[in-house]
Structure formats: structure tokens, C-alpha cells
Protein chains: 2
Amino acid sequence: MHPSEHQHGGAGHAGSCPAAESILAVAEQLFSEKGYEATSMSELAQRAGVSKANIFHHFHSKRELYLAVMQAACKDSRQALLEIRAGNGSTRERLAGFMRRHLRNMLDNEEVSRLVLREVLESGPERGRELAGRVFAEGFQQLVETVREGQERGELRPDTDPALVAHLIISTGVFFFQGRAVARHLHGAGFIEDPDDYAAQVADVLFDGCLAAHAENRPAPRPPERKGRR
Amino acid sequence: MHPSEHQHGGAGHAGSCPAAESILAVAEQLFSEKGYEATSMSELAQRAGVSKANIFHHFHSKRELYLAVMQAACKDSRQALLEIRAGNGSTRERLAGFMRRHLRNMLDNEEVSRLVLREVLESGPERGRELAGRVFAEGFQQLVETVREGQERGELRPDTDPALVAHLIISTGVFFFQGRAVARHLHGAGFIEDPDDYAAQVADVLFDGCLAAHAENRPAPRPPERKGRR
DNA sequence: GTCTATAAATAGATAGAC
DNA sequence: GTCTATCTATTTATAGAC
């Protein structure tokens, strides 16, 4: 029986044996730098120091291996969402914390994060469904539930769609990551150099809004200078 | 003298002559479906019904043509930003209107929008700078100014970074577009099927925030059901 | 030159021994 | 779990006819 059958479409399983781990590591590198199609299982086997057949023992197919790479890439953020949901603190603190950590994860694993985003961008109906179910569903669910619980506790507005808010939370980090090479050269976008500060400010806007009307409700309107915090 | 020298790094110029237009149209198609490197200028010339030399007359280089394609792709959104800045209405209405139009533009020009996002995602320092200056700077500047004016008029909080808010406004539309094939299959993300509604709801969150504390300041808290509006 | 036919190489995947 | 050997389908290169 294939070890990968234990996955149930969920998280990675590479911790089980060293061969699978090294296969996954090499796959991450090759898929990242050469793309899916240009990567051959033969080269992959060679570099990982295992036989081709052994790869197919651990992963049913090339596509399965690719999905495993993406699951691994999202592992930490998924973990963060589980912790955040289980932990204490206000919904605001928890979500803001996730935003910061999610952004950090992507920046700390640049190549594989780009691989995931590339796949999302190029995916049509079929692959989109696969990605949703195998890579993102679990984490997204946790995020949506966290928002929904925040509403139930009276911390968040009850008249917003929790899934939409969750989508919004993910979007800011992703766009920061993927657009930073460009944003760095746009006037006024100095915030791009400080991810933690960015996450904090975005959280401010998401929670408090940016209308002037709400000013009196806000905790502590910081001074106009924006850089050098953290 | 090259016609493209009239660009000054700004908007497109294809309206000037029919040959340039057809070149641009074919380039858009080829670059979209085959990618930058896989597209040959010979094939492009053939399909556009012009000589290769004629292409280089209108566009200095292959790269220049590529940039022109991306400028054209962003033309409508750039135009929208100019109109929005010149027009009347509250800052909130104007920005919400742009978000809706921006999203529509991308969805109505799927292939070329994906091409632009692909380029942004894969761009390193050099190409990032180029994209910023040649494709995005002008529009982004308008958006930032619109936000800043909103602050000056007392409509928006003065303690947020206008460029960061502008960045946020772009990010939501982009992520909706690029992730919709995946989002369609995530539980609760039914909002993905109605772009106008999505833009409106996101604007709500961005302006009013999603904290419960501000509920009394909001115009009209809609009923909990989310679908089937517009 | 252009085309077809065929050879050679390589792709992903499987079988069965150890 | 891991291997060698093998299978089948493409892809790529080459030969030779036209």
C-alpha cells in the first residue's frame, strides 16, 4: 500500500521516512526552478539519491508529488491557523497575528511560495478544484471559523460574510508577497520594506476601517510617521 | 525616429496607426498563450501580416513590445483612475467604484490580465523596476492621490498611509481574479461568483472595518443573506 | 526546401525480486 | 522500503524521397 494513501487529501506525511523527505526537498527545488512539466522524474530520482520506482512508491504520480510539495509549502500557515483557533486572545489579535505570520512564511520560503501562486494563477477549473480540496480547504476552513466565532462572540460585525473576510485576509499577504518587486519602486510605497509593519497597518484598516467617522472609537491613533517600527 | 519614443514611459500609443494596433493585438494573443520566450518575432510578424522589420520600427525591441502589451492591458483601469479623480462624489463612492471597475476589467480581459500578473509574480529587481515605472506608476499615483485627497477633505482617517490603502485596494481585486478558480471550491466562498457584490462588500469592510464596535456608525446594516443581489 | 517515415531518446508509470 | 528491469506513450532527431 502506498504511504501516501494515509494522507486523505490532507496535510503532508514526509515526516514518516527519510527518503520521502529528501524526495520532497529535491522536488520542491526542481519544480520551483524548472516548472512542473520541465521537471523529469528521472533527474529528480538521481538528485534525491533514490530510484525512480521509489518515488512512485511514496507518491502515486508526478502530480501527487507536486501537490505534496504545495501542501508542505502551506504547512506552517495551516499550523498557524490551528494554533490561533485553539489559543486565546481577542479575535483581532489572533487574526492580526496570523496575517503577520502568513506573510513571514511566504517571504521566508520565497521559491516554493511563488510556485504555489503560479499554480493558482494558471489553474483552470480542474486543477483549481484539486488545489482547493488538497491544499487550501483545511486552512481556509479554520480561518473562516475563526472569523465566524469572532462574530458570535460579538467582537466582529455580524453582517459580513466570514468567508469574504477570510479571503480578504489572505489576499493582502499574497499581494504584498507577489508584488513587492514592483511595489518597491512605486512612489510612497515604502511600507513594502517592513512586512510586520505592513501586516499591522493592514489589520488596522481591516478592523477599524479607514473612514474618518470612526476615529473616536479607535484605540490609539498613532503619529503620522510610518517607518522604523517593529 | 521610433514612434514608441513618444511614449515617455507612459501609456500606450497604438491608436496612432493600424499596423501598430494589429501588431499589439497579435502580440497580446501570442504572449498570453505561449509566454514571452516561446513567442518568436517571426511568427508574430507573419500572423500580424507585417514584416519583422516593421515590428521593430514600431517597437524598439521584443521587450518593449511586451511592455506595450501590458500598458494596453492596464489602460482602462488607468483611465478609470483619471476619471475618478476628476469626477465628483464622495471618496468612498469613487474608490468603491474603481474597485468594481478594476475587477471587471480583469475578468473581461482574462488572458492579458493573467499575463500581467504572471510577469509581476516572476519579476525580480530589474524587471520589477521596469514594470513599476512603465506600467503601474501613473495609475498608482492617481489612486494614492485620490486617497490622500479623501484624507484632506476629512472623509478618510488621516492616520493611515495613503499608498498602503491604495495597495490594499488593488490587492483585493487582483486576488479575487487570480484565485477564483480555487476559491470557487472553498466552502462558503460563494461570493466568488458575483464580482460586483464582492467589490461592494470588500469596500464596506475597507471603509467601515469589521469590528462590532463601529456598528452604530454604519449606514445600513444589510440582512445576513449574502447572495442574489445586484 | 519540404515532407514523411522511422529510429532514438526520454517521459511517466508498473512488476516483481530482495 | 528499496531496488532492477520493463512497459507504453511521447517527443525529438534523422534519413531519405520528392
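Values below: all heavy atoms of this structure, side chains included; hydrogens, waters and symmetry mates excluded. Every chain is numbered from 1 and lettered A, B, ... according to where its sequence line falls, protein lines coming before strand lines.
Side-chain contact annotation: S123(B) with E130(B), donor-acceptor N/O pair under 3.5 Å absent. Using modelled atom types and a 3.5 Å distance limit, the side chains of Q79(B) and E83(B) yield a donor-acceptor pair.
Nearest heavy-atom pair, L103(B) versus Y198(B), reported as atom, atom and distance to 0.1 Å: CD2-CD2, 4.0 Å. Shown here for A189(A) and A183(A), the closest heavy-atom pair between the two residues is CB-O, 3.4 Å.
Rounded to whole Å, atom P of dT10(D) lies 14 Å from atom CD of E37(A). Distance, L44(A) CG to dT10(C) P: 17 Å, rounded to whole Å. For the pair Y36(A) OH and dA11(C) P, the interatomic distance rounds to 14 Å; values are reported in whole Å. In this structure, OH of Y66(A) is placed 14 Å from P of dG12(C), rounded to the nearest angstrom. dT2(D) atom P lies 11 Å from atom CZ of F59(A), rounded to whole Å.
Looking at heavy-atom distances under 4.0 Å, S40(A) makes contact with sugar-phosphate atoms alone, never a base.
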Its contact letters, B for base, S for sugar-phosphate only and - for none at protein heavy atoms under 4.0 Å, make nucleotides 13-18 of chain C read BBB---
Just do the salt bridge (charged side-chain N to carboxylate O under 4.0 Å, His left out) check on R94(A) and E145(A) with the steps written out, would you? CA-CA 12 Å; R94(A) 295 201 262 177; E145(A) 282 303 302; over 6 Å; no
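At dA11(C), one or more side-chain N or O atoms of S42(A) fall inside 4.0 Å of OP1 or OP2 (strictly under the cut-off).
Residues satisfying the side chain to side chain donor-acceptor pair (under 3.5 Å) test with E93(A), not counting sequence neighbours, are none.
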